[in-house]
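Structure first, commentary second.
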Amino acid sequence: MIDLNLLRDNPDAVKASQRARLADETLVDQAVAADAAYRKALAEFEQQRAEQNKSAKAVGAASPEQRPALLAEAQALAAKVKELEAAASAASEARDQVLWKIENVVLSGVPTGGEDDFELVKEVGTKPTFAFEPRDHQELGEILDIIDIPRGTKIAGTRFYFLKGWGARLELAMMSLALDQAAAAGFTALITPTLVRPEIMAGTGFLGEHADEIYYLEKDDLYLTGTSEVALAGYHRDEIVDLSHGPLRYAGWSTCYRREAGSGGKDTRGILRVHQFNKLEMFSYCLPEHAEAEHAKLLAWQEQMLQACELPYRVINTAAGDLGSSAAAKFDAEAWVPSQNTYRELTSTSNCTTFQARRLNMRYRNEAGKTETLATLNGTLATTRWLVAILENHQQADGSVVIPKALRPYLGGQEVISPK
RNA sequence: GGAGAGCUGUCCGAGCGGCCGAUGGAGCUGGUCUUGAAAACCAGUGAAGUGAAAGCUUCCGUGGGUUCGAAUCCCACGCUCUCCGCCA
């Protein structure tokens with residue numbers, strides 16, 4: 001949810017943001033009007049309620065003789081207040097409905113436009129050159145017997161797979177490396193629930209834009225999360241947290257579930273786009289004024305991890321139209337995928353400023369002791385998809401794959417995965 | 001799945017339908033005392049909305065209801081604990 005004060009004081013700024021996102025600009029005027037209507041209704045209700053409270057007190061204090069007359073008056077007031085209360089709550093709901101549709105106000109520096117209007121921030125590393133025709137990760141997975149897709153689909157359908165042998169160990173090694181790196185940077189490790197209640201899913205904003213993407217267990221009224229961000233954002237819901245010793249940083253590991261509705265036919269080969277994968281996600285709670293600096297740090301940690309895996313990558317500054325509704329700015333790191341001769345997203349880091357925290361009612365106490373809404377940020381540190389880039393970039397002519405040095409300690413010193 | 005007990009502020013804990021945003025204690029903050037500390041004593045110490053402000057309104061797990069008036073009575077749900085059952 002956007003800042004109400006900003007909406008009241010500077011609706012034009014909100015409009016400009018909606019425009020940059022290619023989103024509905026008229027929502028802003030609707031919200032301003034709904035807000036004014038709500039405040040009017042609230043004032044009327046509260047004024048009458050004050051009357052009623054006085055009247056009810058008078059009834060209590062009245063002598064038996066006075067009581068009947070006062071009671072009649074109080075009853076009339078009660079009926080009126082009930083109406084006004086209903087009106088005020090309807091106005092509040094109407095306001096919220098519009099308000100919740102308005103997306104986070106984009107930061108300056110975010111490129112305007114859609115998916116293709118990103119700004120290239122940097123390219124890092126050297127793309128590998130092969131003296132042979134490079135194989136794609138699915139083929140490598142088969143040759144090395146580390147990714148078993150036929151059996152995955154046999155037991156669960158398309159977009160499911162087994163990681164096997166060194167493949168399974170490679171993923172765990174990568175997660176361990178990422179977790180160690182995160183811990184060294186001051187993150188607290190969390191293994192999170194992957195089933196959450198509706199209000200958490202809604203609060204984190206995923207029921208809106210991603211509703212079709214989400215698995216839902218009707219019998220239990222629970223949602224399977226597509227990222228541990230949901231649990232990490234919900235972790236401090238309704239809390240006033242202490243940020244006086246710096247940001248709260250969590251590294252959440254979880255399995256992620258995505259229906260991938262609407263992406264039929266896209267990325268059908270291999271494990272680039274699957275229904276179930278694992279992810280280590282960084283999540284920060286910090287002061288609003290530190291959010292942009294924290295965002296840069298998250299990106300730096302992601303780059304550190306990409307470099308540890310010896311992957312060539314580029315960083316892009318996502319355009320406003322391609323931002324999630326909670327994000328005010330987003331950087332993606334994309335690794336080079338030789339078989340596709342292009343970069344593919346491996347990480348994403350979003351600065352949600354106070355937008356997400358306002359929805360989830362998460363605050364901190366400032367130096368004066370007043371509560372204020374905090375800022376939240378998130379960023380990927382490792383996912384199953386990274387295996388695609390690791391396998392393809394480090395492959396050799398015979399189909400073997402050289403394991404990045406940083407991962408070897410987690411694999412008993414193994415240096416190469418070779419075909420059987 | 002069944003039976004029972006409970007849910008009140010940072011924590012513990014009291015609370016008769018009106019005098020309860022809420023007694024008491026701990027903690028925390030400030031002060032007195034002290035060379036300093038501890039102890040003792042004194043004072044302060046929830047949040048949200050609205051309003052220029054005074055103020056007003058709301059919040060006792062959540063949502064409904066009864067009532068002129070609900071922390072208190074009724075209903076539903078959530079959660080915690082105990083016992084029984086079941087269990088990859």
Side-chain angles (χ1 to χ4, degrees), chain A residues 1-9 31-100 155-156 192-203 216-223 230-231 234-245 248 255 285 288 354-374:
Chain A
M1 197 171 91
I2 60 161
D3 186 353
L4 262 177
N5 290 322
L6 179 70
L7 179 74
R8 289 168 186 169
D9 300 343
V32 170
D35 180 49
Y38 160 70
R39 286 196 281 177
K40 186 161 173 279
L42 184 69
E44 281 169 12
F45 156 66
E46 287 189 348
Q47 194 200 331
Q48 287 302 306
R49 169 75 93 190
E51 289 291 315
Q52 189 202 8
N53 284 345
K54 266 187 229 162
S55 156
K57 274 202 175 103
V59 172
S63 64
E65 303 83 60
Q66 294 171 308
R67 196 166 278 225
L70 287 171
L71 256 182
E73 188 193 326
Q75 274 165 352
L77 262 174
K80 196 171 167 194
V81 165
K82 204 166 192 178
E83 268 172 44
L84 289 172
E85 183 173 28
S89 108
S92 160
E93 243 169 69
R95 178 185 75 164
D96 284 350
Q97 228 172 19
V98 188
L99 212 50
W100 280 50
I155 69 133
T192 65
T194 53
L195 289 168
V196 300
R197 306 165 154 285
E199 61 267 27
I200 298 294
M201 213 60 177
Y216 172 60
L217 301 179
E218 204 167 342
K219 261 190 171 174
D220 302 284
D221 197 20
L222 290 169
Y223 292 89
V230 175
Y235 192 68
H236 285 300
R237 183 175 187 232
D238 290 327
E239 291 182 26
I240 299 172
V241 302
D242 183 5
L243 294 180
S244 62
H245 306 295
L248 294 178
T255 301
Y285 295 83
T354 56
F355 187 89
Q356 194 174 48
R358 198 169 287 108
R359 271 187 176 202
L360 291 167
N361 188 28
M362 303 190 292
R363 293 158 293 163
Y364 70 99
R365 229 173 263 288
N366 66 18
E367 280 173 16
K370 296 295 276 180
T371 57
E372 286 186 47
T373 303
L374 50 77

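Lettering of chains follows the sequences in order, A, B, ..., and the numbering in each one begins at 1.
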[N]: pairing nucleotide in any strand, Watson-Crick or G-U under 3.5 angstrom:
{"N": "B/C41", "value": "B/G31"}
{"N": "B/C83", "value": "B/G2"}
{"N": "B/A54", "value": "none"}
{"N": "B/C7", "value": "B/G78"}
{"N": "B/A70", "value": "none"}

Taking the side chain of [X] as its heavy atoms from C-beta onward, which of [options] lies nearest to it?
{"X": "A/R39", "options": "B/U50, B/C68, B/U57", "value": "B/U50"}
{"X": "A/A50", "options": "B/G46, B/C56, B/A48", "value": "B/C56"}
{"X": "A/T371", "options": "B/C68, B/U50, B/A47", "value": "B/A47"}
{"X": "A/Q75", "options": "B/A47, B/U50, B/C68", "value": "B/C68"}
{"X": "A/R8", "options": "B/U58, B/G51, B/U66", "value": "B/G51"}
{"X": "A/A56", "options": "B/U57, B/C19, B/G69", "value": "B/G69"}
{"X": "A/R197", "options": "B/G18, B/G78, B/A47", "value": "B/G78"}
{"X": "A/K57", "options": "B/G49, B/U58, B/C19", "value": "B/C19"}

Taking atom types as they are modelled, is there a donor-acceptor pair under 3.5 Å from the base of B/G69 to the side chain of A/Q52?
no
Go through the side-chain N and O atoms of A/Q52 and A/R49 and say whether any donor and acceptor fall under 3.5 Å apart.
yes
Heavy-atom neighbours of A/E239 CD exceed 12 at 6.0 Å
yes
Within the 4.0 Å heavy-atom criterion, would you say A/N361 contacts the bases, only the backbone, or no part of the nucleic acid?
nothing
Step by step, work out the side chain to side chain donor-acceptor pair (under 3.5 Å) result for A/Y38 and A/D96.
CA-CA 10 Å; A/Y38 160 70; A/D96 284 350; over 6 Å; no
